[in-house]
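Below: one structure, written as C-alpha cells.
What's counted below: heavy atoms across the whole structure, side chains too, no hydrogens, waters or symmetry copies. Residue numbers count from 1 along this sequence. Counting starts at 1 for both ligands and their atoms, following the listed order.
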Amino acid sequence: MSAAEILESSPENSFSTAKAAAFEERFVDTLNAGATCLMASVGHRTGLFDAMADGTPGTSAEIAAKAGLNERYVREWLGAMVASAIVDCDADTGTFQLPAEHAAYLIRAAAPNNLAVFAQYIGELGSVETDIVECFKNGSGVPYARFNRFHEIMAEDSGQSVLPALREHILPLVPDLIDRLEAGIRVLDLGCGRGIALSRMAAWYPNSSFAGYDLSAEAIAWATANAEEQGLDNLTFQVRDLGTFDQDAAEAAFDFVTTFDAVHDQGNPRAMVRGIHRSLAPGGVYLAQDINGSSHMHENCDHPIGPLLYTVSCMHCMTVSLAQEGGEGLGAMWGRQKAVEIFSEAGFGSVEVNELEHDIQNCYYVCRP
Ligand SMILES: C[S@@+](CC[C@H](N)C(=O)[O-])C[C@H]1O[C@@H](n2cnc3c(N)ncnc32)[C@H](O)[C@@H]1O
C-alpha cells in the first residue's frame with residue numbers, strides 16, 4: 001500500500017500529516033543511530049577511540065599510524081564519526097579530534113562508562129539475523145554456538161558493569177555477607193560465562209571456596225585458564241547443563257549462590273532455580289542480578305533502554321533458550337513480576353527486589369528459603 005493509498009483509506013481527518021512527518025524524521029534518526037552503533041563497535045574493537053583518547057588533533061594518516069591500521073578504512077570510519085558528530089573535524093588542517101566529553105563514554109580507560117562496549121551487541125546480533133528470520137517462521141531457536149563473540153562481549157560488559165559495583169553496592173545487599181565471605185563460606189555462580197565476577201570474589205576472599213557452572217565449554221575453558229593464570233586455587237569451573245539442576249544439585253552444598261544475568265536465557269530456568277533452593281545450606285542466600293523491566297509490555301514504553309533490551313532478547317536471550325530442549329524462552333524482558341513468581345514457586349519464602357542507583361539495567365533479587 002502506498003502512502004497516498006493509506007491516506008485515502010483512513011477515515012476523514014484521522015491521518016495526521018504532522019505525526020507522519022515527525023515519524024519519518026524519527027525513523028531516519030533510527031537508521032543513522034543503528035549505523036553509528038556499528039561504526040562505534042568498530043572504533044572500540046580496532047582501538048581507534050583509544051588512539052584518539054588524548055584529544056590531540058590528527059590527520060587520518062596520523063590516526064591510522066597511531067592505531068596501527070589501514071588509512072583508507074580509518075578515513076571512511078572518520079567520515080561516519082564526523083557525520084554522526086562524535087568526532088570533530090577541522091577542514092583547514094584536515095585533522096580530526098575526539099572531544100574529551102565524548103572520550104569519557106567511548107574509551108577503554110573510561111570504564112565503567114564506556115558505552116562503545118555495548119555497541120558491540122548490535123553487530124553481534126546482526127550476524128544471526130538470517131537465522132532469526134527463519135525462527136520467526138518455524139518457531140525454533142538459534143543456539144549459543146551460532147554467536148561468534150557473545151561470551152567475549154558479555155565478559156567485557158560484566159567487567160565494567162558488575163565488577164566496579166560488586167564489593168561496594170551488590171554484595172552489601174545481603175547483610176553480613178562480606179564478613180561471612182571473609183571468614184570462609186561456599187559460593188556457587190550459575191551461568192557464570194567466563195567467570196568474571198566469580199574470579200574477582202575468589203581473589204578478594206581467599207578463605208571462601210568458589211565454583212562456577214556453565215553450559216559453554218568455550219567460556220569455561222577461558223574461565224579455568226584465567227583462574228590458573230591468577231593462581232586462584234579456591235576456584236573451580238565445570239561445564240554443566242543446568243536444565244536438570246533440580247535433580248542433580250548437591251543438597252545443602254553452598255552458603256551463597258549467585259546468578260548474574262543468567263536466569264532468563266536458561267532452557268529450563270525453573271529447574272535451575274529449584275536446584276538453587278535445594279543446594280542452599282541452612283542460612284544460605286541466593287542473589288540474582290537480572291534485567292529490570294515489567295512483565296507487562298505496556299509498562300515498558302518509557303523504559304530508558306527498552307528497544308535495546310527487547311532486541312537483545314529476541315535476537316539472543318529468548319532464542320538461545322528456545323534452542324535448548326523444551327526451552328521456555330522467557331526472554332530478557334521477563335520482568336520483575338515473573339521473576340518473583342518463579343523464585344517463589346521454587347520455594348523461596350522471601351524474595352526481596354532491589355534496584356541500585358548505578359544500574360538502570362538490572363534488578364537485584366535477594367532470595368531466602
Ligand atoms: C547472559 S550470559 C551471563 C554470563 C555471566 N553470568 C555474566 O554475567 O557475564 C548467560 C549464561 O548462561 C549460560 N547458560 C544458558 N543456558 C544454560 C544451561 N542450560 N546450563 C548452563 N548454563 C547455561 C550461557 O552459556 C551464558 O554464559
Which word best sums up how the rings of [X] and [Y] line up, parallel for under 30°, tilted for 30 to 60°, or perpendicular for over 60°?
{"X": "Y213", "Y": "F245", "result": "perpendicular"}
{"X": "F118", "Y": "Y121", "result": "parallel"}
{"X": "F348", "Y": "H277", "result": "perpendicular"}

Would you please indicate yes or no on a ring centroid separation below 6.0 angstrom for [Y] and [X]?
{"X": "Y364", "Y": "H169", "result": "no"}
{"X": "F49", "Y": "W77", "result": "yes"}
{"X": "Y365", "Y": "Y286", "result": "no"}

Which ligand 1 atoms, with their elements, are less than 4.0 angstrom from a heavy-atom of [X]?
{"X": "H151", "value": "25 (O), 26 (C), 27 (O)"}
{"X": "S158", "value": "7 (C), 8 (O), 9 (O)"}
{"X": "D241", "value": "18 (C), 19 (N), 20 (N)"}
{"X": "R240", "value": "20 (N), 21 (C)"}

Students should be able to answer this: which protein heavy-atom is nearest to [atom], and at what distance?
{"atom": "atom 20 (N) of ligand 1", "result": "L242 N, 2.9 Å"}
{"atom": "atom 18 (C) of ligand 1", "result": "Q266 OE1, 3.2 Å"}
{"atom": "atom 22 (N) of ligand 1", "result": "L215 N, 3.1 Å"}
{"atom": "atom 27 (O) of ligand 1", "result": "D214 OD2, 2.7 Å"}

**Study point:** Salt-bridge present (K66, E62; N to O < 4.0 Å)
**Key:** no
Point to revise | Lys/Arg-Asp/Glu bridge criterion (N-O < 4.0 Å) met for R194, D214 | key: no
Practice item. Please answer whether the main-chain N or O of R75 pairs with a side-chain N or O of S60 as donor and acceptor at a distance below 3.5 Å. Key: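 Such a contact is absent between S60 side chain and R75 backbone.
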Check your understanding: Is a donor on one side and an acceptor on the other found under 3.5 Å between the side chain of S216 and the backbone of A219?
Key -> yes
Review point. Any heavy atom of C192 sitting closer than 4.0 Å to ligand 1?
Key: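 Right, C192 reaches ligand 1.
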Check your understanding: Does some non-hydrogen atom of D261 fall short of 4.0 Å from ligand 1?
Key ->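 Flag set, D261 near ligand 1.
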Check each heavy atom of [X] against ligand 1 and say whether those closer than 4.0 Å belong to the side chain, the backbone, both or neither.
{"X": "M272", "value": "neither"}
{"X": "Y144", "value": "side chain"}
{"X": "Q324", "value": "side chain"}

Exercise for review: Please confirm whether F260 comes within less than 3.5 Å of ligand 1 when only nitrogen or oxygen atoms on both sides are compared.
Suggested key: yes
Review point. To which of G193, G191, P143 does the heavy atom nearest atom 6 (N) of ligand 1 belong?
Key: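 Heavy atom nearest to atom 6 (N) of ligand 1 belongs to G191.
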